S.K.: 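Sending over a structure as structure tokens; questions will come in a sec.
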Amino acid sequence: QVQLVESGGGMVQPGGSLRLSCVASGSIFSINVMGWYRQVPGKERELVAIESRVGSTNYGDSVKGRFTISRDYAKNTVYLQMNSLKPEDTAVYYCNADIRSYAWPSRSDTYWGQGTQVTVSS
């Protein structure tokens, strides 16, 4: 059983900062890609930032230069530092990870967290 748990969401004024965290727990053999997506009502879930096991990163165009993803591989944790936040960053942010479990180490499955709300408003 694998679980992703996010924390760190909340409300912030435009121009402010927030840091999201996501911890993966359970019978984890290895984690490849780990990262963040976001979704607003009526729209598709979109990429925010992801980081591979070898450290390569990919960011959504709207957050480049403002958001930074990082991972603590020993703790199975991924972070998202969000700076210069804008009202259009308001969304539910979901943690995502491709994980191989000890039960099926040859197979990679995609897991999602429950989501954390980020609201940017004055």
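All values derive from a computational prediction rather than experimental measurement. Throughout, residue positions are numbered sequentially from 1 according to the sequence presented.
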S.K.: Which heavy atom of P105 sits nearest to which heavy atom of R100, and what is that distance?
M.R.: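 Reported closest heavy-atom pair: O-CD, 3.2 Å.
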S.K.: Side-chain contact, heavy-atom cut-off 4.5 Å: V118 with L20?
M.R.: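 V118 vs L20: side chains touch.
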S.K.: With heavy-atom distances below 4.5 Å as the criterion, would you say the side chains of R38 and E46 are in contact?
M.R.: yes
S.K.: Identify the two heavy atoms, one from S108 and one from D98, that lie closest to each other, and give their separation to 0.1 Å.
M.R.: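 Closest pair (atom of S108, atom of D98, distance): OG-CB, 3.6 Å.
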S.K.: What's the separation between atom CD in E51 and atom OG in S56, rounded to the nearest 0.5 Å?
M.R.: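 One finds 7.5 Å between CD of E51 and OG of S56.
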S.K.: Only counting residues at least two apart or in another chain, list the ones meeting side-chain hydrogen bond (donor to acceptor under 3.5 Å, both in side chains) with S17.
M.R.: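 Counting only residues at least two positions away or on another chain, S17 forms a side-chain hydrogen bond (donor to acceptor under 3.5 Å, both in side chains) with N83.
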S.K.: Any donor-acceptor pair under 3.5 Å linking the side chain of R71 with the backbone of V78?
M.R.: no
S.K.: Determine whether S62 and E88 make a side-chain contact, defined as any pair of heavy atoms from C-beta on separated by less than 4.5 Å.
M.R.: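 No. Closest side-chain heavy atoms not under 4.5 Å.
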S.K.: Looking at OG of S122 and CE of M11, how far apart are the two atoms once the value is rounded to the nearest 0.5 Å?
M.R.: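 Separation between the atoms: 10.0 Å.
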S.K.: Tell me, do N76 and I99 make a side-chain contact under 4.5 Å, heavy atoms counted?
M.R.: no
S.K.: Over all heavy atoms of both residues, which pair between G10 and L18 is shortest? Give the atoms and the distance, please.
M.R.: O-CD1, 4.0 Å
S.K.: Looking at Q114 and Y94, what are the two nearest heavy atoms and their distance?
M.R.: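 The answer is O-CE2, 3.7 Å.
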S.K.: Grouping I, L, V, M, F, W and Y whenever their side-chain heavy atoms are under 4.5 Å apart, do Y59 and I50 come out in a common cluster?
M.R.: no
S.K.: Donor-acceptor pair, distance only, cut-off 3.5 Å: does the side chain of E6 make one with the backbone of G115?
M.R.: yes
S.K.: Does some side-chain heavy atom of C95 sit less than 4.5 Å from a side-chain heavy atom of W112?
M.R.: no
S.K.: Do N96 and R45 come close enough that some side-chain heavy atom pair is under 4.5 Å?
M.R.: no
S.K.: Of all the heavy-atom pairs spanning I31 and A24, show the shortest one and how long it is.
M.R.: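 For I31 and A24, the tightest heavy-atom pair comes out as CD1-CB, 3.9 Å.
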S.K.: Starting at OG of S106, measure out to CZ of F29 and round the result to the nearest 0.5 Å.
M.R.: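 Answer rounded to 0.5 Å: 9.5 Å.
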S.K.: Consider only side-chain heavy atoms of I, L, V, M, F, W and Y, link residues closer than 4.5 Å, and tell whether L80 and L47 are in one cluster.
M.R.: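 L80 and L47: separate clusters.
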S.K.: Rounded to the nearest 0.5 Å, how far does OH of Y111 lie from SG of C22?
M.R.: 13.5 Å
S.K.: For Y73, enumerate each residue passing the ring pair (Phe, Tyr, Trp, His ring centres under 6.0 Å) test, keeping only those at least two apart in sequence or located in another chain.
M.R.: none
S.K.: Establish whether V92 and W36 are linked, either directly or via other cluster members, by ILVMFWY side-chain heavy-atom contacts under 4.5 Å.
M.R.: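 V92 and W36: separate clusters.
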S.K.: Could you tell me how the ring of Y93 sits relative to the ring of F67: parallel (under 30°), tilted (30 to 60°) or perpendicular (over 60°)?
M.R.: tilted
S.K.: Between the side chain of R66 and the main-chain N/O of S84, is any donor-acceptor distance below 3.5 Å?
M.R.: yes
S.K.: Might you point out which heavy atoms bring A49 and I69 nearest each other, and give the distance in Å?
M.R.: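 Heavy atoms only, the tightest pair is O-CD1, 3.5 Å.
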S.K.: Are V23 and M34 grouped together when hydrophobic residues (ILVMFWY) are joined by side-chain heavy atoms under 4.5 angstrom apart?
M.R.: no
S.K.: Just to verify, what does Y79 make a side-chain hydrogen bond (donor to acceptor under 3.5 Å, both in side chains) with, not counting sequence neighbours?
M.R.: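 By the side-chain hydrogen bond (donor to acceptor under 3.5 Å, both in side chains) rule, Y79 matches no residue at all.
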S.K.: Taking the basic N atoms (NZ, or NE/NH1/NH2) and the acidic carboxylate oxygens, is any pair closer than 4.0 Å for D89 and K86?
M.R.: no
